[in-house]
Amino acid sequence: MEVEPNGVNYPKNMNSTYEDEEERKHFQRIVSAFKYYKPHSLQRVKKTETYLLSLPAHHQKLLSRYREHLNEVKRCIENNDDIIKLIIKDVTNIFENVTPEDASTDSVRQVSLTVAHRPILADQEKVQATIKQFVRDWSTEGEEERRTCYQPIIDEIVNQFPLEHCTPGEVRILVPGAGLGRLAYEIARRGYTCQGNEFSLFMLFASHFVLNKCRGINSFRVHPWVHQYMNNIEPQHQIKEVYFPDINPSDLPENAQFSMVAGDFLEVYTEHDYWDCVATCFFIDCANNIVQFIETIYNILKPGGIWINLGPLLYHFSDMPMEESIEPSYFEVRDVIRGLGFNILTEKTHVKTRYAQNVHSMLQYEYNSVYFVCQKPKKIRVSESMNVSNGSETNGSQEHEN
């Protein structure tokens, strides 16, 4: 799964395929959400304009600048939609196991050409979040977030696997929850073999666009905050444009080993003792059962392998209708980490981090994230290894040898 001259491969390692009706419906639903972005967003502006026109005439006169601003908002939505059209233009062909013959069938062609149904509000919010992700991962404006969130992970990888003391191409690093791929890209750019994994089709569509279709620096623009109608100090802050990508994604070393894999982390990664390092950033709280994530990370790491994590515990499925979830505190999560056998090498709490934050907004979100580095013991007794794989409880300090 090496980087090819024209970009990054997207193997689709899911149990289901495009012949699976449920998978096809899900794919079509996400494409429909992108396609409905413009009418949904303009409908929101229209609602405000209608109310504005119902106000007393002297109120409307006082708000003349605001009415002009709403016209600018509509223009920005149109510009965002231009990018969305580029993102979904070739989505039926982004996965390696979809052949051109498959893509020409009526069932697959229909996915890219029709809006199957009116998308739900949650999907529209995910489209908007995807637009913001371009800022975090691929713009100059996102540089500070990347410095606080990605750089500690990259620095630790270089510390654990020094370029002068190893052959970086032989070091396998996995980045689950890769988003638009910048962290995985930066790791691969330093010579390591790196694979990003992402489940969300919203993110996969956008990452495929930026990694495979964007050439040159700052060649595209989005208006990431145009849907933020509240807490704006200046009207310009809502309609601010952000250019991307801040670097040319094709500027990787000639022998770079970089791939992106689509699919559920728990389903895709089942091979034990394979990865030298797993790097998770704002990821482990995306599980219904965080213990299952941690256990999988432990299993897929080689003996002596390193797990680097940074992020909060937002627990995405907490209080979500029709979803089950557990929400242990960090101290309880730390007990799980040690109980499964990890040795914690480094630990920091209250690490200030942000996620796709609009720095101009009156409202600011900041996480006191936790950062830790763990190591899977280099030697594991055979009987104890069987206990871990069977899900039995073990005590890392008593049951494992370093």
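Note: hydrogens, waters and symmetry copies are ignored here, and every other heavy atom, side chains too, is used.
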Residues Val171 and Cys166: closest non-hydrogen pair is CG2-SG, 4.1 Å
Just so I know, are the side chains of Cys194 and Val175 near enough to count as touching, which here means a heavy-atom distance under 4.5 Å? yes
Is the His316-Phe283 ring centre distance short of 6.0 angstrom? no
Would you say CG of Asp319 has more than 12 non-hydrogen atoms from neighbouring residues, nucleotides or ligands within 6.0 angstrom? no
Are the side chains of Tyr371 and Cys149 in contact, using a 4.5 Å heavy-atom criterion? no
Kindly confirm or rule out a cation-pi arrangement of Arg146 over Tyr150, judged by NZ or CZ under 6.0 Å from the six-membered ring centre and within 45° of its axis? no
At their closest point, which heavy atom of Leu163 faces which heavy atom of Tyr192, and how far apart are they? CD2-OH, 3.3 Å
Nearest 0.5 angstrom please: Ser207 OG to Leu180 CG, how far? 6.0 Å
Which pair of heavy atoms, one from Ser318 and one from Ser325, lies closest together, and at what distance? N-OG, 3.8 Å
Out of the candidates Asn343, Asp273, Asn299, only one should pair with Lys376 under the side-chain hydrogen bond (donor to acceptor under 3.5 Å, both in side chains) rule; please name it. Asp273
Give me the atom names and distance for the closest heavy-atom approach of Val45 to Lys74. CG1-CG, 3.7 Å
Taking only Lys NZ, Arg NE, NH1 and NH2, and the carboxylate oxygens of Asp or Glu, determine whether Arg75 and Glu72 approach each other closer than 4.0 Å. yes
Please determine whether a side-chain nitrogen of the Lys or Arg among Glu186 and Arg190 lies less than 4.0 Å from a carboxylate oxygen of the Asp or Glu. yes
Validation row: Val127, Ile84 side chains within 4.5 angstrom (heavy atoms): yes
Under a 3.5 Å distance rule, please check whether Glu141 uses its side chain to pair with a backbone N or O of Arg136 as donor and acceptor. no
Does a salt bridge link Asp251 with Arg189, judged by any charged N lying under 4.0 Å from a carboxylate O? no
Would you kindly say whether Tyr37 and Asp81 are connected by a side-chain donor-acceptor distance under 3.5 Å? no
Give a yes or no on whether the backbone of Leu55 and the side-chain of Gln60 come within a donor-acceptor separation of less than 3.5 Å. yes
Any side-chain to backbone donor/acceptor pair from Thr193 onto Gln257? Under 3.5 Å, distance only. no
When rounded to the nearest 0.5 angstrom, what distance separates CG in Asn288 from CZ in Phe317? 4.5 Å
Inspect the contact between Lys240 and Glu234 and indicate whether a charged nitrogen and a carboxylate oxygen are less than 4.0 angstrom apart. no
Under a plain distance cut-off of 3.5 Å, with no hydrogens placed, do Ser361 and Gln228 share a side-chain donor-acceptor pair? yes
Under a 4.5 Å cut-off applied to non-hydrogen side-chain atoms, are Tyr243 and Thr140 in contact? no
Go through the steps to decide whether Thr130 and Gln133 satisfy the test side chain to side chain donor-acceptor pair (under 3.5 Å), and finish with yes or no. CA-CA 5 Å; Thr130 302; Gln133 199 73 15; over 6 Å; no
CD (Glu324) with more than 12 external heavy atoms under 6.0 Å: no
Looking at NZ of Lys38 and CD of Gln43, how far apart are the two atoms once the value is rounded to the nearest 0.5 Å? 14.0 Å
Side-chain touch Glu156/Gln160, heavy atoms, less than 4.5 angstrom: yes
Would you say Glu327 has more than 12 foreign heavy atoms packed within less than 6.0 Å of its CD? yes
Rounded to the nearest 0.5 Å, what separates atom OG in Ser139 from atom CG in Asn218? 8.5 Å
Less than 4.0 Å between a side-chain N and a carboxylate O, is that true for Glu68 and Arg65? no
For Ala178 against Asp137, the heavy-atom pair lying closest together: O-OD2, 4.3 Å
Ring centre gap for Tyr355 and Phe282 strictly below 6.0 Å: yes
So, taking the atom named SG in Cys277 and the one named CG in Leu301, what distance separates them when rounded to the nearest 0.5 Å? 7.5 Å
Taking the six-membered ring of Phe372 (Phe, Tyr or Trp), confirm whether the NZ or CZ of Lys348 is under 6.0 Å from its centre and within 45° of its axis. no
Would you say Asn79 and Val222 make side-chain contact, with heavy atoms under 4.5 Å? no
Could you please spell out the steps behind the side chain to side chain contact (heavy atoms under 4.5 Å, CB included) verdict for Ile290 and Leu313? CA-CA 10 Å; Ile290 191 172; Leu313 291 175; 4.0 Å; yes
Tell me if the centroids of the rings in Phe134 and Phe220 come within less than 6.0 Å of each other. no
Considering only NZ, NE, NH1 and NH2 on the basic side and carboxylate oxygens on the acidic side, decide whether Arg354 and Glu145 come within less than 4.0 Å. no
State plainly whether the residues Glu347 and Arg334 are in salt-bridge range, i.e. N to O under 4.0 Å. yes
Decide side chain to side chain contact (heavy atoms under 4.5 Å, CB included) for Ile247 and Arg182; before the verdict, give the C-alpha distance in whole Å, the side-chain angles of both, and the deciding distance to 0.1 Å. CA-CA 10 Å; Ile247 59 173; Arg182 183 60 177 265; 3.5 Å; yes
Are side-chain heavy atoms of Tyr269 and Val278 found at a separation under 4.5 Å? no
Flag the pair Lys46 / Leu42 as yes when at least one side-chain heavy-atom distance between them is below 4.5 Å, and no otherwise. no
Hey, can you tell me if Phe205 and Phe34 have their rings parallel, tilted or perpendicular (30° and 60° cut-offs)? tilted
Check Thr148 against Leu310 and note the closest heavy-atom contact, atom names and distance. O-CD1, 3.8 Å
Would Ile306 and Val373 count as a side chain to side chain contact (heavy atoms under 4.5 Å, CB included) here? Give the steps. CA-CA 7 Å; Ile306 300 295; Val373 181; 3.7 Å; yes
Measuring centre to centre across the rings, with the benzene-like ring taken for any Trp, is Trp138 within less than 6.0 Å of Phe209? no
Step through the shown structure and confirm whether more than 12 heavy atoms of other residues, nucleotides or ligands are within 6.0 Å of NZ on Lys47. no
Show the numbers, then the answer: is there a side chain to side chain contact (heavy atoms under 4.5 Å, CB included) between Asn232 and Met362? CA-CA 6 Å; Asn232 294 303; Met362 295 180 191; over 6 Å; no
From the list His360, His69, His223, ring pair (Phe, Tyr, Trp, His ring centres under 6.0 Å) with His237 holds only for His360
Ring-face cation contact, Tyr229 with Arg44, 6.0 Å cut, 45° max: yes
Strictly by modelled atom types, are Thr280 and Asn309 linked by a side-chain donor-acceptor pair under 3.5 Å? yes
Any donor and acceptor pair, going by atom type alone, linking the side chain of Glu198 with main-chain N or O of Leu204 inside 3.5 Å? no
Between Phe293 and Phe265, is the ring centroid distance below 6.0 Å? yes
Gap separating the CD1 atom of Ile120 from the CD atom of Glu125, nearest 0.5 angstrom: 9.0 Å
Step by step, would you call Asp276 with Arg172 a salt bridge (Lys or Arg N to Asp or Glu O under 4.0 Å)? CA-CA 5 Å; Asp276 295 285; Arg172 295 171 176 165; 5.6 Å; no
